[in-house]
Amino acid sequence: MKKTVLTALAAASVTLCFAQTTIVRDPEIESMTKEVNPDSLRSYITTMVAFGTRSTVSSVTERKKGIGAAREWVLSKFSQFAAASGGRMTAMVDTTTYAADGRRVKEPINLGNTVATLKGTDPNDNRIFIISGHLDSRRTDVMDGTADAPGANDDGSGSAAVIECARVMSRHSFPATIVFVTVSGEEQGLLGSGYMAKKARAQNRNIEAVLNNDIMGSNNSNETNIIDNTRVRVFSEGLPAYDLDKQAKQIRQLGLENDGAARQLARYVKEVGERYVDHLEVVMVYRNDRFLRGGDHSPYVENGYAAVRITEMNENYNHQHQDVRTEKGVVYGDLAEFMDFEYLRKNTAMNLANLANLAKSPGMPQEVRVEVRSLTNGTQLSWKAPAYGTVKGYYILMRETTSAVWQKKIFTASTDVKLPYSKDNYFFAVQSVSENGNESLPVVPVPGR
Ligand SMILES: [Zn+2]
């Protein structure tokens with residue numbers, strides 16, 4: 001095994017770059033992000049709103065109204081993209097009977113997620129990357145399945161982003177598999193995502209990342225005059241919901257409270273999103289979700305998958321979970337007229353860039369270790385090549401313990417590197433990188449003796 005000793009910043013086989021100064025855009029991903037179209041997004045949302053209500057407890061048999069008609073329409077869009085994908089994309093409504101639960105479902109319902117799968121081209125690569133939005137909408141009374149609930153932004157915005165990503169990406173191929181899903185049952189208690197995440201865990205599916213988009217197309221708050229279409233939030237859990245008792249000791253011992261899989265994904269989403277989308281800052285929030293609230297990423301994190309929530313910077317509560325009405329001159333209700341489609345375009349492109357970069361990347365490096373046999377002020381890292389994909393090399397990521405984001409990105413073609421920086425004072429991780437610069441998710445080293 002080749003060993004690189006980095007004694008100076010100019011060491012021959014190692015490139016040290018600060019932040020993203022030497023990272024360039026992959027032309028294929030850049031061109032895909034440019035195809036994301038605000039008019040397409042608006043037309044999807046106009047169609048979704050026209051179903052009257054998309055409540056999960058609304059009709060599944062009516063043809064023009066209710067959640068059944070809406071999910072069939074999403075299926076028709078996915079099928080249209082699939083037809084032009086050369087057989088790589090397939091589409092279905094994945095249904096199950098959900099029994100009355102004494103909470104937000106009073107009678108058994110036919111629950112259905114509309115799913116498009118863009119199969120990866122590498123038969124050895126079993127990785128899955130998911131983009132999710134929820135198709136269901138609600139009235140103030142969440143049990144009302146008949147009267148209008150337009151749900152343009154919550155979550156027509158996330159659903160439209162899913163459909164638009166499927167449209168653009170179905171014409172490209174990726175080594176890993178991408179799943180585009182609009183779920184039902186979010187407002188009734190995360191039912192559709194719960195069904196999907198549990199099934200994935202039971203089948204031990206290799207889902208490496210879930211981007212849950214929920215409320216991402218409006219640029220203002222109801223309480224201030226702030227209009228902000230240049231920032232979007234990504235929420236990620238700190239301590240892992242899954243197997244915390246097994247992981248807690250190591251998290252405490254190594255100080256990894258801030259380096260779980262969801263948090264790593266959030267950092268990745270910020271870095272890659274800002275790389276490809278101009279005039280958009282991805283703001284990390286160190287919480288699984290908004291204060292005391294929930295979303296469709298949660299069933300995934302509870303089943304051990306890296307999942308984050310993407311949501312607009314300011315929410316307008318006059319337009320969320322509100323029946324459409326006018327009171328004292330104020331219009332309430334979740335209508336498309338209150339949305340900013342240029343903002344939704346950027347947030348959709350940000351998702352697309354991340355999905356594409358992940359699905360084009362080689363697998364994560366394996367057995368990433370930090371050498372701890374002797375006490376030293378340096379750091380020696382070693383790892384093995386990923387199980388699939390071709391690597392140009394690896395990035396060693398490095399940050400101070402108080403830094404939210406990676407501060408240095410060191411390229412090496414080696415798999416064993418000594419760095420003149422102390423593991424006492426920095427966090428490290430390693431990513432695989434392809435010829436086109438597509439990075440895998442980072443792997444935090446474990447002590448190796
Ligand atoms: Zn929502």
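Both ligands and their constituent atoms are indexed starting at 1 by order of listing.
- For the Zn ion (ligand 1), the set of nearby N, O or S atoms under 2.8 Å includes none belonging to E186.
- Taking the ring centre of F81 as origin, the terminal cationic atom of R167 falls outside the region bounded by 6.0 Å and 45° from the ring axis.
- Using a cutoff of 4.0 Å between basic side-chain nitrogens and carboxylate oxygens, K106 and D101 are not scored as salt-bridged.
- In this pair, F411 and Y395 present their aromatic rings perpendicular. The plane angle is above 60°, beyond the 30 to 60° band.
- A 6.0 Å sphere centred on CD of E107 holds no more than 12 heavy atoms belonging to other residues, nucleotides or ligands.
- The minimum distance between the Zn ion (ligand 1) and any N, O or S atom of D154 involves atom OD1.
- Here the angle centred on the Zn ion (ligand 1), running from OD2 of D214 over to NE2 of H134, is 90°, rounded to 10°.
- Within the 2.8 Å limit, E187 places no N, O or S atom next to the Zn ion (ligand 1).
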